[in-house]
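Some notes on the structure that comes next.
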Amino acid sequence: MGDSSASSTRVSVHKSLGGGSVADLLLWRNRTGAFILLVSSTVFWFLFERAGYNLLSFVSNVLLLLVAILFLWAKSASLLNRPLPPVPNMEIPEEFAVKAADDIRVLINHVLSIASDITIARNPIRLLQVSLVLWAISYVGTLINSLTLVYIGILLSLSVPLVYENYQDHIDDKLNSTSKAIRSISRKIPMMPVSKEKKYQ
């Protein structure tokens, strides 16, 4: 009975990741797309990190090659009465721009609310959280390159959801026991009483 109730309350990882093509990609249900993402990110990381290739020169060379191919294709098509290259309509839809602007606005408002919480409300816990996150980012940045960090993020995003989906019950049990242990330890730490009275001279 306990196992059936635990399995009924089990959260679907696929639904937690949005349930769309991104979830299929991260959980390797779209094996071709996940494999292409893994191989292409590995190739890009090797090109830029190990072979010493520059990102700006790589992008400009690829664009130069693409423009030259399209130009020669269009010229030869007009001379040989062949169809023109299938170039898509290159414009951003208005709905996409509005949605992207709305998402950026929500993110900026969230950052501003955190800044307001630190400066105006003088929340020391939020200040400590932000300071720890910024310090951790700075420390990791001194250890590894940002491109390597992006590559590690891609590898983790392709492996952690899959491992969690396969071993969700075990991981949840370990996280629950760890959380209970941390809570019991934090309750034993004596808290200093904060005096709200201010002394004026």
Side-chain angles (χ1 to χ4, degrees), residues 11-115 133-134 136-168:
V11 178
S12 170
V13 179
H14 190 264
K15 287 182 182 176
S16 299
L17 292 173
S21 58
V22 174
D24 291 339
L25 190 73
L26 295 178
L27 293 173
W28 287 78
R29 294 183 182 171
N30 179 2
R31 290 186 186 274
T32 306
F35 183 75
I36 288 172
L37 177 63
L38 179 63
V39 169
S40 61
S41 60
T42 304
V43 166
F44 275 104
W45 178 79
F46 182 78
L47 275 176
F48 298 131
E49 189 64 25
R50 293 291 169 211
Y53 215 84
N54 191 347
L55 178 64
L56 187 62
S57 62
F58 176 78
V59 170
S60 63
N61 286 338
V62 167
L63 289 176
L64 177 65
L65 184 64
L66 183 64
V67 167
I69 288 172
L70 289 175
F71 177 77
L72 291 174
W73 189 348
K75 278 295 186 184
S76 64
S78 63
L79 291 174
L80 301 173
N81 293 328
R82 298 274 184 174
L84 290 172
V87 178
N89 188 13
M90 294 190 226
E91 64 179 29
I92 298 174
E94 186 177 351
E95 301 84 27
F96 177 77
V98 169
K99 186 180 182 313
D102 193 42
D103 292 342
I104 292 171
R105 180 187 60 82
V106 169
L107 180 65
I108 290 173
N109 285 339
H110 181 66
V111 170
L112 290 176
S113 72
I114 292 174
V133 167
L134 292 176
I137 292 172
S138 172
Y139 183 72
V140 169
T142 59
L143 295 177
I144 54 178
N145 190 332
S146 59
L147 186 66
T148 303
L149 193 62
V150 170
Y151 179 62
I152 291 171
I154 291 173
L155 291 181
L156 288 176
S157 65
L158 287 174
S159 58
V160 170
L162 183 65
V163 170
Y164 182 70
E165 185 183 43
N166 291 334
Y167 303 103
Q168 184 175 3

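FYI, the numbering just counts along the sequence from 1.
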Can you list the residues that meet the side-chain hydrogen bond (donor to acceptor under 3.5 Å, both in side chains) rule with [X], with sequence neighbours excluded?
{"X": "N30", "result": "none"}
{"X": "S159", "result": "none"}
{"X": "D102", "result": "R105"}
{"X": "S157", "result": "none"}

**OP:** Please report the shortest heavy-atom distance between L162 and W28, naming the atom on each side.
**Re:**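 Distance-wise, the nearest heavy atoms are CD2-CD1, 3.9 Å.
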
Original post:
Looking at L156 and P161, what are the two nearest heavy atoms and their distance?
Top reply: O-CD, 3.6 Å

**OP:** Indicate yes or no for a side-chain donor-acceptor contact from W45 to the backbone of L147 under 3.5 Å, with no hydrogens or angles considered.
**Re:**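 It does not hold such a pair.
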
Original post:
Of all residues at least two apart in sequence or in a different chain, which pass the salt bridge (Lys or Arg N to Asp or Glu O under 4.0 Å) check with R31?
Top reply: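 For R31 there are no salt bridge (Lys or Arg N to Asp or Glu O under 4.0 Å) partners, ignoring immediate neighbours.
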
Look up atom [atom1] in [X] and atom [atom2] in [Y], then write down how far apart they are to the nearest 0.5 Å.
{"X": "T42", "Y": "L47", "atom1": "OG1", "atom2": "CG", "value": "11.0 Å"}
{"X": "T142", "Y": "I137", "atom1": "OG1", "atom2": "CD1", "value": "12.0 Å"}
{"X": "L37", "Y": "L25", "atom1": "CG", "atom2": "CG", "value": "5.5 Å"}

Distance-only check: which donor-acceptor pairs under 3.5 Å involve side-chain atoms of residues 63-70, not counting sequence neighbours?
none

**OP:** Go through the structure and list residues passing ring-ring contact (aromatic ring centres under 6.0 Å, His included) with F96, not counting sequence neighbours.
**Re:** none

Subject >> Sequence-distant partners of F48, ring-ring contact (aromatic ring centres under 6.0 Å, His included), two or more places apart >> reply: F44, F58

Under the side chain to side chain contact (heavy atoms under 4.5 Å, CB included) test, residues paired with [X] that sit two or more places apart:
{"X": "L155", "answer": "L38, Y151"}
{"X": "V140", "answer": "I144, L149"}
{"X": "L107", "answer": "none"}

Subject >> Inter- and intrachain pairs under salt bridge (charged side-chain N to carboxylate O under 4.0 Å, His left out), touching residues 145-162, at least two apart >> reply: none

